[in-house]
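Notes to accompany the following structure.
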Number of protein chains: 2
Amino acid sequence: MKLSTRTRYGTRALLDIARHQGDKLVQLKDIAHRQNISLHYLEHIIAPLVGAGIVRSTRGARGGLQLTRRPGEIKLSEVVQLLEGTITPVDCVIDPESCKRSDFCVTREVWGEMKKAIDNTLKTTTLQNLVEREKGKEQASGMKSRRSR
Amino acid sequence: MKLSTRTRYGTRALLDIARHQGDKLVQLKDIAHRQNISLHYLEHIIAPLVGAGIVRSTRGARGGLQLTRRPGEIKLSEVVQLLEGTITPVDCVIDPESCKRSDFCVTREVWGEMKKAIDNTLKTTTLQNLVEREKGKEQASGMKSRRSR
DNA sequence: AACTAAGTTTATTATATTAGTCAACATTGG
DNA sequence: CCAATGTTGACTAATATAATAAACTTAGTT
């Protein structure tokens, strides 16, 4: 019952883009460095996000990545779907045909409820939420060690 | 993000015991047959449940298995914990030391909420709930095809 | 005591998934 | 053109999962 690193890294990469968006494009290289993820691996992770149109990539010098929608309009459920595929404790929950017992199996029902609980968490969180949390955290820790600006 | 078959088979095995408990002990062989699970594999799955004392096994002729508590007192969260270990989308949620970013990582918070949602589902379901659901289902399907008793 | 129906334990194997690396390639700004 | 940057596909290593097999132990039954 683990999320793959694809999903975890990918989510962090998107959050990183959201936070560093400005005039310039955000470069993979920099994301990799800031997030401490292998550049090569990150390339593979970003690919499906670009493919799905959640991220736009610009090649060549001064190229880089940018989000195509506002962070508040990107739900984690969508991100996870793209990187992890449909999340489910068991296949039969999304594909009853995959098990003969589906019709009468009650454990299947519980796993279905589990999936719903998960989906609900992801559906109600956007990249914007994450950005705000991060800002909040930075401020909180900054107040302890530094003088206020 | 899948549950292992251990957990799924194990849950079904417990449900099977709960439903077939009576004067006689429930035999592994019969569970394996009814649930369509390899006997050998089932042995491995039952072991930790016996070890944890949720199930008592009696050896020898006429031996078999029985629950040590009433089904209403066995939560799925406990069963899953024994078979799957602690369920978590990412290790850092239960062990902050496992990642340097734990202190300031906001994706970690979301995965934590996901875990909570999962735990909550499992905490609120008992074997007894499953037994009742199963009985309900059988009755419902019986009404269509058979005359009532 | 011998027999036998269980459950127990340990090894082994096959397969799938995941994580990660490497290298060649394509595009574009300057 | 050429240097910076993203794209793609092939490949590998490590790990986890699922399942099977076989030898072993225990405890009723006769």
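Residue numbers start from 1 in every chain, and the chains themselves are labelled A, B, ... in the order their sequence lines are given, proteins ahead of strands. In this text, all values refer to a predicted model and were calculated from it rather than measured experimentally.
- Nearest to the side-chain atoms of A/A61 among the listed nucleotides D/dA4, C/dT18, D/dT7 stands D/dA4.
- Rounded to whole Å, the distance from NZ on B/K24 to P on C/dA5 is 17 Å.
- Taking a cutoff of 4.0 Å between a charged side-chain nitrogen and a carboxylate oxygen, A/K137 and B/D103 do not qualify as a salt bridge.
- Here A/S38 does not reach the OP1 or OP2 of C/dG20: none of its side-chain N or O atoms lies under 4.0 Å away.
- In this structure, CG of B/L39 is placed 10 Å from P of C/dA6, rounded to the nearest angstrom.
- Counted by atom type alone, B/S4 and B/Y9 present zero donor-acceptor pairs between their side chains at under 3.5 Å.
- Of the side-chain N and O atoms in B/K29, none sit less than 4.0 angstrom from OP1 or OP2 of C/dA5.
- For D/dT7, the OP1/OP2 oxygens have a side-chain nitrogen or oxygen of A/S57 closer than 4.0 Å.
- For CZ of A/R101, the number of neighbouring non-hydrogen atoms (other residues, nucleotides, ligands) closer than 6.0 Å is greater than 12.
- Between C/dT28 and A/T58, no contact under 4.0 Å exists linking OP1 or OP2 to a side-chain N or O.
- Straight-line distance from the CG atom of B/L28 to the C1' atom of C/dT9: 14 Å, rounded to whole Å.
- OP1 and OP2 of D/dA18 both lie 4.0 Å or more from every side-chain N or O belonging to B/Y9.
- Ion pairing between B/E78 and B/R69 holds under the 4.0 Å rule for side-chain N and carboxylate O.
- A close approach under 4.0 Å does occur between a side-chain nitrogen or oxygen of B/T5 and OP1 or OP2 of D/dA19.
- A/Q66 has its CD atom 12 Å from the P atom of D/dG6, to the nearest Å.
- For C/dT21, its base sits under 3.5 Å from the side chain of A/H44 at one donor and acceptor pair at least.
- Across the protein-nucleic acid pair, A/N36 atom CG and C/dG20 atom P stand 11 Å apart, rounded to whole Å.
- When each of B/G60 and A/L3 is assigned the nucleotide of DNA chain C with its nearest heavy atom, B/G60 is the one assigned upstream, toward the 5' end.
- Residues A/L25 and A/L49 do not share a hydrophobic cluster, clusters being chains of Ile/Leu/Val/Met/Phe/Trp/Tyr side chains in contact below 4.5 Å.
- Note: CZ (A/R62) to P (C/dG29) measures 12 Å, nearest angstrom.
- Counting to the nearest Å, the P atom of D/dA19 and the CD1 atom of B/I45 are 8 Å from each other.
- If you check C/dT8, C/dA26, C/dG7 against the side chain of A/R59, the one that comes closest is C/dA26.
- The distance from atom CG of A/L42 to atom C1' of D/dT5 is 13 Å, rounded to the nearest whole Å.
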